[in-house]
Amino acid sequence: MKKISHIQTALETKDIILKFPKITPITYTVRKINTSPCKDGCPIDTDVKAYLGLIATGKFEKALEIVKKDNPIPGICGRICVHPCETECTRDEIDQPLAICALKRFLADYELRHGSTPDLAGVKSTKKGKIAIIGSGPTGLTAANDLIRLGYKVTVFEELPVAGGMLYTGIPEYRLPRNIIKTEVNAIKELGVAIKTRTKIKSLSKLRKQGYDAIFIAVGAHKGLKLRVPGEDEFKGFLDCITFLRAVSLGKKVKIGKKVIVIGGGNAAIDSARTAFRLGSSVHIVYRRSRKEMPANAWEIEEAEREGIKIHYLASPLKILGENGKVVGMECIQNKLGKPDSSGRRRPVPIKGSEFNIETETIIPAISQEPDLSWLPAGHKLKISKWNSFEVDEDTLATNVKGIFAGGDCVTGPKTVIEAIAAGHKAAKSIDRYLQRKPLKEETKVNERVEFEVVIEPKEKKERVYMPHLSIKNRKNFKEVELGFKEKMAIEEAKRCLKCGFCAECSECMPDCEKSLVSLSIPEEPSGILLRVPLDQREFPLNGNPLQGKFSLAGGKKVTVIVEPITAQVRSELCRGCGDCEEICEYSAPKLQDQGNGVFISKIDEIGCKGCGICASVCPSGAITLNHFTNKYIETLIKHSTRL
Amino acid sequence: MTQFQDIIKRTKAYLCLDCGKCTSVCPISILNENYTPRLLVNKVLRGDIDLLNDELLWSCISCGLCYERCESDVKFHEFIRDLRIEAYKIGKTGVYAHHGTMQSIMRMMTRPDLKQNRLDWLTKDLKVKIPKSEIRNPKSDSLTLYFVGCLPYFDSFFSNLQLNILQIAKSTIKILNHLGIEPVIMPNERCCGHDLLWTGDIENFKKLAQHNIAEINKTGAEKVLVSCPECYVTLKEYYPEYVAPLNAEIIHISELIAENLPELKNNGGTGFQPVKTHSQDGCANSSLKVTYQDPCRLGRFSNIYEQPRQIIDAMGFKLKEMDKNRKSAICCGTSGWMNCSTYSKQIQLARLKEAKNTGADLLITSCPKCQIHFKCAMSDKNIDKKTKIEIQDLTTLVANQLK
């Protein structure tokens, strides 16, 4: 019995139940659905639901294991990820989405506090092949992590004195403390990855001569774009946001004025503004559209405003004002929003006569970046796009030169850390295939996408647990602003998860099942494999309907799946009324009923029945069946457990 | 349908007059109104191929009562048997009792290299001849072979029913020894295949038959003695029909006993013990009242009605016939380890009540299956005490009564 309750807590099954016809079965079947929206929304398919469920039950180590399966830098990601998973979260329809990102961070913090044993499983140089990775940002680190685990020798080259790329030089310390980066980079180093900092690559052919069989370029996008505003090149006091953030991050002395203008609306703009604020300046942000169109994270904008940063929405720089060769201000013009442009956002249209001036000593443009390709030697033969990025095959990340791959921001332009990690994974897979002399393009069987909508019982509203922040007055430094969840808060927040799609694939139930009846597999049919899930009978809402989910396939075909409990059923015409079932049942579910002619027939009380099947096994005439123990189902289980 | 043409012809189904007598006597039809032999024949005659998917195909208990009553001589039970063979070919089966264990054992026995510990139950006082090697000199051996059948398997499988059913085999040998016969017993005997045939598995039935025919013929036995009516009809009728006849005469133990009654009675002046009564008045001379259940395979299928009665009579029991006896006897409720249903149970209870109503203290049968089925029904929970009656196998009884 103890075992069962253990499984039950592992899956937090009471939340899975939406409707259920009766108060009982300890075991019943759930048809597993491909993905939950959070996993679907994540570029690296993190098993979000699994780790949330495990956090909810206090199994932090196991949760971390699941996170690390897909993500080598959870502490970093847990702080700065733009978390598309939260955007997709079903809970948003009820109150607020789960704080998935913060929970991931909690796990990494937990590991930091309690120490960890690095998972060195499979890290042995078992495969032939040396790989050079240029750039130690999230893409490069992920690829290095994957490839060393695949058994290759991996060397990462980094031009700067620190590893981490944009993580270190682009994300300010108050958002991402440096010890977090160092810890997670070190964990990758411990796997055996050599990271050579202060090493600028100048020749790819030289690398080849050094014996590297494959090269992965992941240099990021570190070159700020120009404003193209009159006066830009005329006066002193311009500081590109990338240069600025990098200098601050590397601890260099940066001279900025008391008054600073940041131009742009992305995360780099907000980061620059908040950094300048921490250096003691008063900061204005000039952004040409409204707040709605601002690409920066909403919560970052909010914090910036709380810190007293003035944001001029719908304003564009017209020209730079200067005196004695130095910047003294900027003339701006007010905009209104016109028709949407190619990006889908409404185009800013200047309003005549709305010009205004802002006084400033320093202007920090943060209007986008592109890869800095100045390191490439002349005649390198690599195809470069008109945006100054590498042209690669979308699926394999292979460049036009054999054995050279490129990925991350240097291909896509500036994107998010989670997309960078995804690119790292993709590159590692592709490089592995290249070195194993397999065709680069994997013939993957694309599973028919199963989207699902689950009829959600009106859930009680439960506010999201909010992240504690450093108070505003204590922010004139680079201390981390977000303070992280405590254990209790993490558990409370994780419990808000609605567990869309039933099974979390945490596989916690598998080692517990003595007969290995529980197994997981990706379903080929939309109805999928059945999973036995234990339930606590006290937690059932008794409203008389079976659990029902509507599923729509990619082609628009709708499938309705009903989850039924396993209860034993008696085919009365086959029942001989021997009473063996009544005798053996531990729950007194079967009862013999007199048919009036001295003949007794077993009736099974569905409320008492736990679906264990023991009655069916003793029934001499085969009158008792369990509707889910079909031959096909058992066959699937056997096939799965024996990997046939 | 052409696949039904042969069946219709062989079983004379084309002669069906649609009179419905079969349905009116069928023990299953009486209880389950959905099942009517008449309609099944009718459907086949109309070419209804869907019949093979019909679950009712497996409801027949093959008791042969319908055939007994049929004016037109339609062999309905064989008609069903042949339809089942067709249905089995397309993957249909009945609902196996005991989770198909019996069917599995039977199919396992089709393996040529199967090693069975078949003769472990033999005790020293039982004199038998066991063929040691395959090449044998027939002349040096007894000309009678005892085909034991599945008794050793039933004994262990139904140990919960406390049947002591192996006693039938031991008793058979004891009687044979009494008559001066040392039978040959084969260590590599296999199930006769009766139940596989009736559940439609013709392929495996043939395998068993081929094995047994070859092995029996190898022993050179002139007579094959059986104690099970199902083995009897299988060896005698179905082997020649589906595979090949045996080079031996098939004899049921009741035939042999009846034939040798004078000798048994006066064998060295021993004969039978006087029957002890259970009557409460203590009158020593009153005879024990017994009744007799005619097994379908022995009675209606093989026309052996009188020999068991002669034996019962010779032992000094007072036979009280049930209302439905001999050709009209009611089956023990199920057959072929299949579709043992609530109807089976009702048939069994009704028959037990009928036996009890004769005033008999003992129900005698000569088929191990009858015994298993009745005892199973009586072992059930909530059984009415009024239906409980002691059951004894005829052969066992004879052996016990021998002095």
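Per chain, numbering begins at 1; letters A, B, ... match sequence-line order.
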Nearest 0.5 Å, what's the SG-CD1 distance between Cys150(B) and Ile105(B)?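 Between atom SG of Cys150(B) and atom CD1 of Ile105(B) there are 8.0 Å.
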Can you list every salt bridge (charged side-chain N to carboxylate O under 4.0 Å, His left out) pair that touches residues 157-168 of chain B, not counting sequence neighbours?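 Those involving residues 157-168 of chain B do not exist here.
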Would you mind reporting whether Ile28(B) and Cys60(B) have side-chain heavy atoms less than 4.5 Å apart?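 No - every pair of side-chain heavy atoms lies 4.5 Å or more apart.
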Who passes ring-ring contact (aromatic ring centres under 6.0 Å, His included) against Phe600(A), sequence neighbours left out?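 Phe600(A) satisfies ring-ring contact (aromatic ring centres under 6.0 Å, His included) with no residue once adjacent residues are dropped.
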With Phe374(B), which residues qualify under ring-ring contact (aromatic ring centres under 6.0 Å, His included), at least two apart?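 Checked Phe374(B) against ring-ring contact (aromatic ring centres under 6.0 Å, His included); zero matches.
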What option among Gly579(A), Ala616(A), Gly577(A), Pro620(A) has the most heavy-atom pairs under 4.5 Å with chain B?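 The option with the most such pairs is Pro620(A).
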Check chain A and chain B for donor-acceptor pairs under 3.5 Å and report each one on its own line.
| unit_1 | atom_1 | unit_2 | atom_2 | d |
| --- | --- | --- | --- | --- |
| Arg571(A) | NH2 | Glu55(B) | OE1 | 2.8 |
| Glu573(A) | O | Thr342(B) | N | 2.9 |
| Cys575(A) | O | Thr342(B) | N | 3.3 |
| Cys575(A) | O | Thr342(B) | OG1 | 3.2 |
| Arg576(A) | O | Lys345(B) | NZ | 2.5 |
| Arg576(A) | NH1 | Gln348(B) | OE1 | 2.9 |
| Arg576(A) | NH2 | Gln348(B) | OE1 | 2.9 |
| Cys578(A) | O | Lys381(B) | N | 3.1 |
| Glu582(A) | OE2 | Lys381(B) | NZ | 2.4 |
| Asn597(A) | ND2 | Gln346(B) | OE1 | 3.3 |
| Ala616(A) | O | His99(B) | NE2 | 2.9 |
| Ser617(A) | O | His99(B) | NE2 | 3.0 |
| Cys619(A) | O | His99(B) | NE2 | 3.1 |
| Pro620(A) | O | His98(B) | N | 2.4 |

Check against side chain to side chain contact (heavy atoms under 4.5 Å, CB included), Ile61(B) and Ile347(B): CA-CA 11 Å; Ile61(B) 52 176; Ile347(B) 293 167; 4.0 Å; yes
